[in-house]
Student: 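Pasting in a structure now, in structure tokens, and then I'll have a few things to ask.
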Amino acid sequence: PTGEIVVVSSGTKNVRVFDSQGALLHTLGEGRLRYPFGVCVDRAGRVYVSDFMAGAILVFDSQTREVLANIFTESRVTSVAVTCKGEMIMAVVLPSKESKIVVR
């Protein structure tokens, strides 16, 4: 909502938040993420991060940087999105190596 750019960094295991000019503002998830893979931001500014290795979605408050929720799944989560109605959509890889979309 503020024009910030949010990027997941699997190599450094965090999420980086930049201003609209590309200057690093802060990071999220330091020491909490095993293999962040996907990221999205909802209208309220909450940052959703899919952690592939942990099989979880972590939800961060973009201002306080606190974890608001840690949603564990049965599978590896590759992507996450939030609809305009506030529904969370995840792309997961099942143990059988099949992929599916889950809406919560």
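Every value quoted in this text rests on a predicted model; they were computed, and no experiment measured them.
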Student: Following the transitive rule for hydrophobic clusters with a side-chain heavy-atom cut-off under 4.5 Å over Ile, Leu, Val, Met, Phe, Trp and Tyr, establish whether Leu25 and Leu33 coincide in one cluster.
Tutor: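 Shared cluster, yes.
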Student: Can you get from Leu68 to Met90 by hopping between Ile, Leu, Val, Met, Phe, Trp and Tyr side chains that sit under 4.5 Å apart?
Tutor: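 Same cluster.
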Student: State the CG-CG distance between Asn70 and Leu58, to the nearest 0.5 angstrom.
Tutor: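 The distance works out to 4.0 Å.
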Student: If you define the side chain from C-beta out and look only at heavy atoms, does anything of Val39 sit under 4.5 Å from Val80?
Tutor: no
Student: Would you kindly confirm whether Phe18 and Val6 end up in one hydrophobic cluster when ILVMFWY residues are joined by side chain heavy atoms under 4.5 Å apart?
Tutor: no
Student: Cluster question for you: counting only ILVMFWY and a side-chain heavy-atom cut-off of under 4.5 Å, with indirect links fine, are Val67 and Val15 together?
Tutor: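 Yes.
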Student: Testing the basics here: between Met53 and Arg34, what is the closest heavy-atom pair and its distance to 0.1 Å?
Tutor: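 In this case the closest contact between Met53 and Arg34 is O-NH1, 3.3 Å.
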Student: Can you get from Ile5 to Val8 by hopping between Ile, Leu, Val, Met, Phe, Trp and Tyr side chains that sit under 4.5 Å apart?
Tutor: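 No.
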Student: Rounded to the nearest 0.5 Å, what separates atom OG in Ser10 from atom CG in Asp51?
Tutor: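 One gets 9.0 Å once the value is rounded to the nearest 0.5 Å.
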Student: Using every non-hydrogen atom in the two residues, find where Ser9 and Pro36 come nearest and quote the distance to one decimal.
Tutor: O-CG, 3.6 Å
Student: Would you give the length of the straight line joining atom OG of Ser50 to atom CD1 of Ile71, rounded to the nearest 0.5 angstrom?
Tutor: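 It is 11.5 Å, given to the nearest 0.5 Å.
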Student: Any idea which heavy atoms bring Phe72 and Ala54 closest together, and the distance?
Tutor: CD2-O, 4.1 Å
Student: Report the distance from atom CZ of Arg76 to atom OG1 of Thr78, rounding to the nearest 0.5 Å.
Tutor: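 Output value for this atom pair is 12.0 Å.
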Student: Nearest 0.5 Å, please: how far is OH in Tyr48 from CE in Met88?
Tutor: 7.0 Å
Student: Start with the C-alpha gap between Val77 and Phe52, add the side-chain angles, then the distance that decides, and say whether side chain to side chain contact (heavy atoms under 4.5 Å, CB included) holds.
Tutor: CA-CA 5 Å; Val77 184; Phe52 183 78; over 6 Å; no
Student: Only one of Lys13, Arg65, Arg16 forms a side-chain contact (heavy atoms from CB on, under 4.5 Å) with Thr27, so which one is it?
Tutor: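 Passing option: Arg16.
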Student: When you measure from the side chain of Ser79 to the backbone N and O of Ala91, does any donor-acceptor pair fall under 3.5 Å?
Tutor: no
Student: For residues Arg46 and Val41, determine if any side-chain heavy atom of one lies less than 4.5 Å from a side-chain heavy atom of the other.
Tutor: no
Student: Give, for atom CG of Asp19 and atom NE2 of His26, the distance between the pair rounded to the nearest 0.5 Å.
Tutor: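 Interatomic distance, Asp19 CG to His26 NE2, rounded to 0.5 Å: 11.0 Å.
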Student: Are any side-chain N or O atoms of Thr83 and backbone N or O atoms of Glu87, one a donor and one an acceptor, separated by less than 3.5 Å?
Tutor: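 Such a contact is found between Thr83 side chain and Glu87 backbone.
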Student: Take Leu28 and Val47 through the side chain to side chain contact (heavy atoms under 4.5 Å, CB included) test and state the conclusion after the steps.
Tutor: CA-CA 9 Å; Leu28 300 169; Val47 178; 3.9 Å; yes
